[in-house]
2 protein chains.
Amino acid sequence: MLPVTAITREDAEHCPVRSVLGTVNGKWQSLLILALEDGDLRFSAIKRLLGDISQRVLTENLRMLERDGYVTRTVTPGPPVAVSYGLTPMGRSMLETLKPMVLWAAENFSAVQKARLDYDQM
Amino acid sequence: MLPVTAITREDAEHCPVRSVLGTVNGKWQSLLILALEDGDLRFSAIKRLLGDISQRVLTENLRMLERDGYVTRTVTPGPPVAVSYGLTPMGRSMLETLKPMVLWAAENFSAVQKARLDYDQM
DNA sequence: CAGTATCCTTTACGATACTG
DNA sequence: CAGTATCGTAAAGGATACTG
């Protein structure tokens, strides 16, 4: 039986898969982890890299990732203060499971696009 | 540079990673693909398996997965009609990138829980 | 059985303005 | 620079009732 099975809403919180992956399945979370692959980045650098994320949501998402132990937050007093974010060992470990998905997405992009067109044409 | 970088909202739709993974990063999508690992299942069986998904949302999500080419939908006329869902080859291919994440989540559940407690205690 | 239809709540996200 | 505060919109999800 699947490890994701749950009957009640309360059980769902005790499901490891749901609980852990819950943090990662927003619009930005996995992209943020990927963004830190090559080393620490400052807040504004991350924002520039993703381009179309709002400041509010970026802060919010970085906090979630920090809370779950994927990301470190380092403040260098200023002014102006400099805050840089990086991956923890656990974040890097999670990244390794994320990368195959990114590759998969890149490789199967056209197939998915075709499937969508075919489906919409019916 | 990252393959996920995008500046404008329009560019984002042309980003393979965002476009492909966008379908998968809801609350249920990846769980649904996992649910079909061991073979086809009927609508009601999937619903029972997940337990706490509403009928409306289950239909909606299965349609999205069908549209993107991950899932097949087979109707056996009734009454009562029987509708079963299964993975396409592409769905099974996607599943293979999903499984490591599920394993990772199971293995790191307690570490994430501890990280959350530590963070909240500050 | 496998949906639709409808309504409602919650969550996510975005835009803008302001601050140490 | 790296936020916070506030407000508004949109998307996701849930509950319930109804149907071929």
Side-chain angles (χ1 to χ4, degrees), chain A residues 4 6-13 18-19 21-32 35-36 40-68 71-86, chain B residues 4 6-13 18-19 21-32 35-36 40-68 71-86:
Chain A
V4 297
I7 299 296
T8 67
R9 194 78 22 78
E10 303 77 55
D11 286 349
E13 291 165 20
R18 295 202 194 186
S19 174
L21 299 189
T23 302
V24 179
N25 69 13
K27 183 178 179 179
W28 300 110
Q29 285 87 329
S30 56
L31 266 45
L32 284 173
L36 297 174
D40 294 14
L41 286 179
R42 291 177 56 174
F43 185 87
S44 49
I46 300 174
K47 178 149 172 39
R48 259 195 313 279
L49 189 62
L50 295 185
D52 56 339
I53 190 173
S54 73
Q55 200 168 16
R56 202 189 66 77
V57 171
L58 178 54
T59 303
E60 197 175 84
N61 279 272
L62 286 170
R63 289 284 192 285
M64 290 177 54
L65 295 174
E66 189 194 357
R67 177 171 185 263
D68 276 24
V71 160
T72 60
R73 176 175 180 273
T74 312
V75 181
T76 306
V81 292
V83 182
S84 67
Y85 293 88
Chain B
V4 297
I7 302 296
T8 66
R9 194 78 23 79
E10 303 76 54
D11 286 350
E13 292 166 19
R18 295 200 193 187
S19 174
L21 298 188
T23 302
V24 179
N25 69 10
K27 183 177 179 180
W28 299 110
Q29 285 86 329
S30 56
L31 267 45
L32 284 174
L36 297 175
D40 295 14
L41 286 178
R42 292 177 57 174
F43 184 87
S44 50
I46 300 174
K47 179 150 172 38
R48 258 195 313 277
L49 190 61
L50 295 185
D52 55 341
I53 189 173
S54 73
Q55 202 169 13
R56 201 189 65 78
V57 172
L58 178 53
T59 303
E60 197 175 83
N61 280 271
L62 286 170
R63 289 285 192 283
M64 291 178 52
L65 294 174
E66 189 194 357
R67 177 172 184 260
D68 276 23
V71 160
T72 58
R73 177 175 180 272
T74 312
V75 182
T76 306
V81 292
V83 181
S84 69
Y85 293 88

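Letters A, B, ... are given to chains in the order of the sequence lines, protein chains preceding strands, and every chain is numbered from 1.
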Rounded off to whole Å, could you give me the [atom1]-to-[atom2] distance for the [X] and [N] pair?
X: B:Lys47; N: D:dT16; atom1: NZ; atom2: C1'; answer: 12 Å
X: A:Leu58; N: C:dA12; atom1: CG; atom2: P; answer: 16 Å
X: B:Leu41; N: C:dC1; atom1: CG; atom2: P; answer: 15 Å
X: A:Gln29; N: C:dA12; atom1: CD; atom2: C1'; answer: 10 Å
X: A:Leu50; N: D:dA2; atom1: CG; atom2: P; answer: 14 Å
X: B:Gln55; N: D:dC18; atom1: CD; atom2: P; answer: 14 Å
X: B:Ile53; N: D:dA12; atom1: CD1; atom2: P; answer: 13 Å
X: A:Phe43; N: D:dA2; atom1: CZ; atom2: P; answer: 7 Å

Using side-chain heavy atoms (C-beta onward) and a distance below 4.5 Å, is [X] in contact with [Y]?
X: A:Leu65; Y: A:Tyr85; answer: no
X: B:Asp52; Y: A:Arg18; answer: yes
X: B:Val24; Y: A:Asn25; answer: no

Among residues 59-68 of chain B, which residues get a heavy atom nearer than 4.0 Å to DNA chain C?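 DNA chain C contact set from residues 59-68 of chain B: B:Thr59, B:Arg63.
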
For the atom pair [atom1] ([X]) and [atom2] ([Y]), what is the distance rounded to the nearest 0.5 Å?
X: B:Leu41; Y: B:Ile46; atom1: CG; atom2: CD1; result: 5.5 Å
X: A:Ile53; Y: A:Lys27; atom1: CD1; atom2: NZ; result: 8.5 Å
X: A:Leu62; Y: A:Leu36; atom1: CG; atom2: CG; result: 7.5 Å
X: A:Ser84; Y: A:Arg73; atom1: OG; atom2: CZ; result: 9.5 Å
X: B:Ser19; Y: B:Asp68; atom1: OG; atom2: CG; result: 7.5 Å

At under 4.0 Å between heavy atoms, what does B:Arg42 touch on the DNA or RNA strands: base, sugar-phosphate, or nothing?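 Sugar-phosphate contact only.
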
So, using salt bridge (Lys or Arg N to Asp or Glu O under 4.0 Å) as the criterion, who are the partners of B:Arg63 when residues are at least two apart?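 Applying salt bridge (Lys or Arg N to Asp or Glu O under 4.0 Å) to B:Arg63 gives none.
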
Selection from D:dA2, D:dG3, C:dC13 that lies nearest to any side-chain heavy atom of A:Ser44: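 The nucleotide sitting nearest to the side chain is D:dA2.
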
The side chain of A:Lys27 lies closest to which of these nucleotides: D:dC1, D:dG20, C:dG14?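 For A:Lys27, the side-chain atoms sit closest to C:dG14.
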
Contact under 4.0 Å: A:Arg73 side-chain N or O vs D:dG3 OP1/OP2: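 Indeed, a polar side-chain atom of A:Arg73 lies that close.
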
Indicate whether OP1 or OP2 belonging to D:dC1 is found under 4.0 Å from a side-chain N or O atom of A:Tyr85.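 A:Tyr85 to D:dC1 OP1/OP2: no side-chain N or O under 4.0 Å.
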
Closest nucleotide of DNA chain C for A:Pro80 versus for A:Trp28: which of these residues is on the 5' side?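 Nearest nucleotide further toward 5': that of A:Trp28.
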
Work out which heavy atom in B:Gln29 is nearest to a heavy atom in B:Asn61; give both atom names and the distance.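 Heavy-atom minimum between the residues: CD-OD1, 3.0 Å.
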
To the nearest 10°, let me know how far the axis at one end of the helix from C:dC1-D:dG20 to C:dG20-D:dC1 is tilted from the axis at the other, five pairs an end.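 Answer rounded to 10°: the end axes differ by 50°.
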
B:Arg56 (side chain) and D:dG13 (base): donor-acceptor pair under 3.5 Å: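 Yes.
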
